[in-house]
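Index from 1, following the sequence.
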Amino acid sequence: MRTATTSLDVRRARTLVIGVSALALFAKTVLAALKGGPADVRIFDAFSSAIDQVGPVRVYEHPMPRLPVYNHPPLAGWMLAAFHELEKLGIPFGSLIRAPACLADFVSALLVFEILRRRRTLATATACAIGCALSPVLFATSGYHGNTDSVAIM
């Protein structure tokens, strides 16, 4: 049976994880806004322009010289179509393409905490969740690279 102290400890740990994860999300968002990113960001931007012309379904048959083969799942096409529309409102594409991955990292850290706190000690769950939130690999992948792998992993 849970006691009031245990419940309070969990709330404090959860608040800590949320706070650290929010700071990491903010830092990744700033990184995404300030850095242009690698070629993948520009390639996704070109894909979104092609999708704007032919749609997210016909893009698979649409010739795109000077670009790699478009081999992304259908949901990615719809996401790129939405990003193209948001880009027309003045939001930089580089920030848009990295936002879902940054948000996914935030959610993943919270999920790590919630899953582990039921299976391990509260200290272990907290440390693992904070480690997930502050992972340098996730900063590079989500905040800079523009890869959407974090969304799939979440």
Side-chain angles (χ1 to χ4, degrees), residues 8-56 59 64 66-154:
L8 181 62
D9 290 343
V10 170
R11 277 194 302 246
R12 285 180 180 158
R14 184 181 293 123
T15 301
L16 176 63
V17 169
I18 290 170
V20 170
S21 298
L23 287 173
L25 172 62
F26 177 75
K28 290 174 191 175
T29 304
V30 168
L31 178 63
L34 295 178
K35 297 293 181 182
D40 284 5
V41 172
R42 292 184 296 281
I43 290 169
F44 273 113
D45 194 9
F47 285 156
S48 76
S49 294
I51 288 168
D52 186 54
Q53 293 173 3
V54 299
V59 70
M64 291 183 273
R66 298 181 307 273
L67 286 175
V69 173
Y70 183 81
N71 62 355
H72 300 282
L75 185 57
W78 290 104
M79 178 185 74
L80 291 172
F83 289 168
H84 192 79
E85 292 303 313
L86 290 171
E87 189 179 21
K88 291 177 184 176
L89 298 175
I91 303 170
F93 184 84
S95 295
L96 291 169
I97 192 67
R98 292 179 270 197
C102 293
L103 288 169
D105 292 345
F106 177 84
V107 172
S108 292
L110 301 181
L111 289 172
V112 165
F113 175 77
E114 294 300 334
I115 290 168
L116 289 181
R117 79 177 180 86
R118 290 174 174 86
R119 291 167 175 75
R120 301 287 186 255
T121 66
L122 186 58
T124 299
T126 304
C128 290
I130 288 173
C132 177
L134 299 177
S135 168
V137 172
L138 293 179
F139 267 86
T141 302
S142 303
Y144 176 73
H145 189 268
N147 194 314
T148 56
D149 289 349
S150 290
V151 177
I153 291 168
M154 180 195 67

Heavy-atom closest pair, residues Ala50 and Val59: CB-CG2, 4.4 Å

When every non-hydrogen atom of Ala13 is compared with those of Thr126, the smallest separation belongs to CB-OG1, 3.4 Å

Any pair counted as salt bridge (Lys or Arg N to Asp or Glu O under 4.0 Å), so long as it reaches residues 95-109, sequence neighbours left out: Lys28-Asp105

Under the salt bridge (Lys or Arg N to Asp or Glu O under 4.0 Å) definition, can you give me all pairs with a residue in residues 122-147, not counting sequence neighbours? none

Is the shortest heavy-atom distance from the side chain of Cys132 to the side chain of Leu138 under 4.5 Å? yes

Atom pairs and distances, donor-acceptor, side-chain atoms in residues 15-25, under 3.5 Å, two or more places apart:
unit_1, atom_1, unit_2, atom_2, d
Thr15, OG1, Arg11, O, 2.8
Ser21, OG, Val17, O, 2.8

Looking only at heavy atoms, which two atoms of Glu87 and Leu96 are closest? And how far apart? N-CD1, 3.9 Å

Checking Met154 against Leu103 for the side chain to side chain contact (heavy atoms under 4.5 Å, CB included) test, could you report, in this order, the C-alpha distance in whole Å, the side-chain angles of both residues, the deciding distance, and whether it holds? CA-CA 10 Å; Met154 180 195 67; Leu103 288 169; over 6 Å; no

Search all heavy atoms of Glu114 against all heavy atoms of Arg117 and return the closest pair with its distance. OE1-NE, 2.7 Å

Note: Ala129 and Ala109 closest approach over all heavy atoms is CB-O, 3.3 Å

Value for CG (Asp45) from CG (Asp40), rounded to nearest 0.5 Å, stands at 12.5 Å

Pairs flagged by ring pair (Phe, Tyr, Trp, His ring centres under 6.0 Å) wherever residues 34-55 is involved - sequence neighbours left out: Phe44-His72, Phe47-Tyr70, Phe47-His72

Tell me which pairs pass ring pair (Phe, Tyr, Trp, His ring centres under 6.0 Å) where either residue lies in residues 75-133, with sequence neighbours left out. none

Any pair with a residue in residues 69-78 that passes salt bridge (Lys or Arg N to Asp or Glu O under 4.0 Å), sequence neighbours left out, goes on the list, sorted by first then second residue, please. none

By the ring pair (Phe, Tyr, Trp, His ring centres under 6.0 Å) test, which pairs, at least two apart or in different chains, include something from residues 114-154? none

Applying side-chain hydrogen bond (donor to acceptor under 3.5 Å, both in side chains) to Ser108 and not counting sequence neighbours gives none

Non-neighbouring partners of Thr124 that pass side-chain hydrogen bond (donor to acceptor under 3.5 Å, both in side chains), sequence neighbours left out: Thr121

Ignoring hydrogens, what is the shortest heavy-atom contact between Cys128 and Leu116? Give both atom names and the distance. CB-CD1, 3.5 Å

Going by the salt bridge (Lys or Arg N to Asp or Glu O under 4.0 Å) test, which pairs reach into residues 124-143, not counting sequence neighbours? none

Taking only residues two or more places apart in sequence, or in another chain, which ones meet Arg12 in a side chain to side chain contact (heavy atoms under 4.5 Å, CB included)? Leu8, Asp9

Mind checking what makes salt bridge (charged side-chain N to carboxylate O under 4.0 Å, His left out) contact with Asp52, not counting sequence neighbours? Lys88

d(Arg14 CZ, Leu122 CG) to nearest 0.5 Å is 9.5 Å

Rounded to the nearest 0.5 Å, what's the gap from CD1 on Ile97 to OG on Ser142? Could you check? 11.5 Å

